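Report on one structure; see the data block that follows.
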There are 2 protein chains.
Amino acid sequence: MASPSGGIAKAVTIRDVAAAAEVSIGTASKALNGRGRMRAETRDRVLAAAERLGFRPNPLAQGLLAGRTYTVGLVTGDSFGRFSIPVMLGAEDALGAGQISVFMCDTRDDPIRERHYVERLLARRVEGIIVTGRRTEPRPGIGRDLPVPVVYAMTQSTDESDVSIIPDDEGGGALAARHLLATGRTRIGHVTGPHRFQAARRRAHGLSTALAAAGLEPAGEVLFGQWSEEWGRQGADVLLHAAPDVDAVFCGSDQIARGVAETLRERGRRVPEDVALVGFDNWEPMALGCRPPLTTVDMNLGEIGRLAARHLLAAISGTGDGLLSGSLDGSFGGGTLGGGVTIVPAGLVLRESTRRAVRGG
Amino acid sequence: MASPSGGIAKAVTIRDVAAAAEVSIGTASKALNGRGRMRAETRDRVLAAAERLGFRPNPLAQGLLAGRTYTVGLVTGDSFGRFSIPVMLGAEDALGAGQISVFMCDTRDDPIRERHYVERLLARRVEGIIVTGRRTEPRPGIGRDLPVPVVYAMTQSTDESDVSIIPDDEGGGALAARHLLATGRTRIGHVTGPHRFQAARRRAHGLSTALAAAGLEPAGEVLFGQWSEEWGRQGADVLLHAAPDVDAVFCGSDQIARGVAETLRERGRRVPEDVALVGFDNWEPMALGCRPPLTTVDMNLGEIGRLAARHLLAAISGTGDGLLSGSLDGSFGGGTLGGGVTIVPAGLVLRESTRRAVRGG
DNA sequence: ATGAAAGCGCTAACAT
DNA sequence: ATGTTAGCGCTTTCAT
């Protein structure tokens with residue numbers, strides 16, 4: 001048996017409470033829910049009985065009647081990895097504060113599993129679904145005309161009418177660029193991930209745009225490669241060769257930045273004195289383990305999750321698309337990007353790797 | 001509305017199916033569940049109608065009747081961090097394969113939130129709870145005499161009668177030691193995390209025991225410090241000073257190992273030629289980013305999660321404590337350790353950092 | 001072979 | 001102020 005040692009053998013029903021309080025079931029229900037009018041004495045008697053018996057209303061029965069389940073599904077293709085976790089936590093934060101519980105589903109990026117899970121979630125009558133991923137690349141939606149609202153977080157549906165919440169890669173790149181310019185750097189290189197990643201392209205574009213505004217362009221070519229430390233090490237050498245006078249490197253990820261930092265050190269360039277370094281992700285174990293600790297762009301993943309959850313809640317409450325209305329004008333700067341895409345601004349976390357030289361004040 | 005464009009406005013009930021197939025509700029139910037005997041033609045008609053209407057049985061109603069919910073709760077204090085994620089995935093793996101869905105709850109190591117979540121899970125009539133954490137230290141249980149079985153994974157309840165599944169830190173330390181011995185190393189140092197962590201003490205103990213079996217002891221003192229790269233860098237210097245002839249270092253974590261690797265390189269010691277290096281965790285971004293890539297102990301976290309889930313399922317099915325029976329003999333080597341504690345063996349992942357010197361074959 | 005009816009635990013009308 | 005009743009969607013006897 002589950003709990004042989006005095007555990008609650010059988011769940012206590014409202015019927016038991018009513019019997020114990022010597023009232024009818026209906027009266028017990030009213031007392032417990034504070035509805036209707038009744039003698040205070042009666043109400044207290046019921047409440048006391050419920051308390052004593054350890055009564056918990058059965059949410060299945062309540063839900064069956066109300067036609068609601070107070071649950072949502074969280075589907076990730078990222079195996080709850082580094083990117084989807086913070087998103088999840090933000091979402092759970094916003095949802096759990098209410099009475100919504102979250103079903104977790106890991107699809108491992110397998111469309112079959114995804115379909116399977118979505119089916120199961122719908123069968124369970126979740127009231128909404130949040131889809132997260134590790135890439136911001138548009139992906140096919142999880143289904144058309146689903147009976148519940150769906151929000152894509154940290155990933156994006158190919159269907160522009162779907163609601164997606166994504167990080168501001170371009171803004172993050174611009175942020176890094178302006179910070180480096182502000183600290184007096186002008187020969188800024190860029191080592192980043194594969195060109196096929198939208199995120200890499202956007203970060204590079206943000207950098208270039210911000211530099212152009214200052215009449216500059218990236219030092220050397222923008223170096224697209226891999227999302228790895230190893231590539232960071234190689235890329236730094238390529239960059240040093242192409243632009244020996246480089247005085248700052250913006251990296252597409254913190255991992256790349258670590259590799260770059262290592263090569264710079266080995267080539268006798270001091271960070272930040274000779275070359276300033278900015279990473280991307282604010283992945284703390286990486287950014288803090290780097291020598292020196294890394295200034296890096298933070299995508300505010302938690303905020304993405306919270307926003308996704310709030311959009312979902314709004315859609316569920318029937319406030320419907322209210323939160324998103326007016327976002328179809330295609331405006332780009334205001335944090336919204338046509339369709340249902342919402343862009344969450346990135347922030348910059350300042351650490352040693354871009355500290356201004358002491359002599360510079 | 002949720003889906004204005006032709007979405008499923010209202011869930012299809014078995015009543016609708018029955019009507020469409022021109023049979024009674026009872027017959028429809030039987031047809032859908034393959035129970036009772038009936039004309040094949042009737043069954044087909046019902047199935048076709050269900051298919052056409054997109055019927056999904058309402059699990060709330062089914063559960064209400066069956067007295068089951070086919071859900072379990074997953075409670076973590078680790079904010080679904082690096083350690084609990086793989087455990088979670090393993091658990092979800094084992095559970096999701098059945099028809100069990102998982103509610104996720106992040107307590108942020110806050111007892112108030114934890115209590116709150118456990119209450120909510122019980123109110124939802126989950127059939128079991130898995131508790132995960134970031135530390136293996138025994139912790140107070142989530143409650144006594146709960147109406148459902150509870151399994152602690154990657155953490156441990158102070159109540160010895162609770163079921164806990166934990167990694168084999170001691171065995172992992174011994175594994176590392178034997179591997180280093182096998183590759184011909186004899187002056188083996190150890191740099192690890194804070195002494196207050198059971199995991200650090202156990203890994204150190206495993207190392208010492210295995211070395212003792214070969215008539216050796218750790219080179220220099222066992223260096224307890226922090227779980228950080230920075231400490232790895234410092235610790236390596238301390239070790240090189242205390243035991244200049246050290247020819248291998250076993251580290252309490254991959255992060256520490258990276259720090260150690262850096263210092264070794266800077267002090268002119270080649271890895272693995274002069275000094276072999278073994279980490280702990282098999283945290284791939286760290287272990288692969290290290291130069292050279294790190295041989296490291298893998299705690300098989302996924303297996304811990306799967307095992308936890310299987311224990312839970314067994315307990316739920318009423319097979320009850322079967323899986324654990326006979327484990328109260330206090331035997332240590334067999335993977336079981338008195339009470340309800342199950343220890344999952346660790347493995348070793350071989351990479352460059354312990355490659356045998358070329359001349360050695 | 002099929003249908004009718006009861007009931008899972010609960011809430012909300014309605015009746016007393 | 002309290003009790004009675006119907007019904008949420010489903011399964012399962014028990015009649016037919």
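For clarity, every value in this text was computed on a predicted model and none was experimentally measured. Here is how names work: the chains are called A, B, and so on, in the same order as the sequence lines, proteins then strands, and each is numbered from 1.
Between B:Cys105 and B:Leu121, the closest side-chain pair of non-hydrogen atoms falls below 4.5 Å. The side-chain heavy atoms of B:Ile316 and B:Arg68, taken from C-beta on, include a pair separated by under 4.5 Å. A 4.5 Å side-chain heavy-atom check between A:Ile142 and A:Tyr117 finds every atom pair outside the cut-off. Using a 4.5 Å cut-off on side-chain heavy atoms (C-beta onward), B:Val150 and B:Val131 make contact. Taking 4.5 Å as the limit, some side-chain heavy atom of A:Met104 sits within range of a side-chain heavy atom of B:Leu74.
At whole-Å resolution of the value, CZ in B:Arg39 and P in C:dG3 are 10 Å apart. As a whole-Å value, the separation of B:Ile25 CD1 from D:dT13 C1' is 16 Å. Atom CG in A:Asn33 sits about 17 Å away from atom P in C:dG9, given to the nearest Å. Between A:Leu53 atom CG and C:dG9 atom C1' the separation is 15 Å, expressed in whole Å. Computed from coordinates, the B:Asp16 CG to D:dG9 P distance equals 9 Å when rounded to whole Å. In this structure, B:Phe55 places its CZ atom 8 Å from C1' of D:dG9, rounding to the nearest Å. Rounded to whole Å, atom P of D:dT2 lies 14 Å from atom CG of A:Leu32. Atom-to-atom, CD of B:Glu41 to P of C:dA1 comes out at 13 Å; the value is rounded to the nearest Å.
Among the atoms of the strands shown, base atoms are found under 4.0 Å from some heavy atom of A:Arg37.
In the set D:dC14, D:dT2, D:dG9, the nucleotide with an atom closest to the side chain of B:Lys30 is D:dC14. Out of C:dT11, C:dA1, D:dT2, the shortest distance to the side chain of B:Met38 is found at C:dA1. Picking from D:dC10, C:dA1, D:dT2 the nucleotide with the shortest atom distance to the side chain of B:Thr13 gives D:dC10. Listed nucleotides: D:dG3, D:dC10, C:dG9. Nearest to the side chain of A:Thr27: D:dG3.
Not a single donor-acceptor pair under 3.5 Å links the side chain of B:Asp110 to the backbone N or O of B:Thr107.
By the 4.0 Å N-to-carboxylate-O rule, A:Asp93 lies close enough to B:Arg108 to be salt-bridged with it.
Only A:Ala61, A:Gln62, A:Leu65, listed by number, bring a heavy atom of residues 59-69 of chain A to less than 4.0 angstrom from any atom of DNA chain C.
The side chain of A:Arg35 contributes no N or O atom lying less than 4.0 Å from OP1 or OP2 of C:dT11. Note on B:Ser29: every side-chain N or O is 4.0 Å or more away from OP1 and OP2 of D:dT12. For the OP1/OP2 pair of C:dC10 and a distance below 4.0 Å, the side-chain nitrogens and oxygens of A:Arg15 include no atom meeting the criterion.
Comparing A:Asn58 and B:Thr42 by the nucleotide of DNA chain C that holds the closest heavy atom to each, the one mapping nearer the 5' end is B:Thr42.
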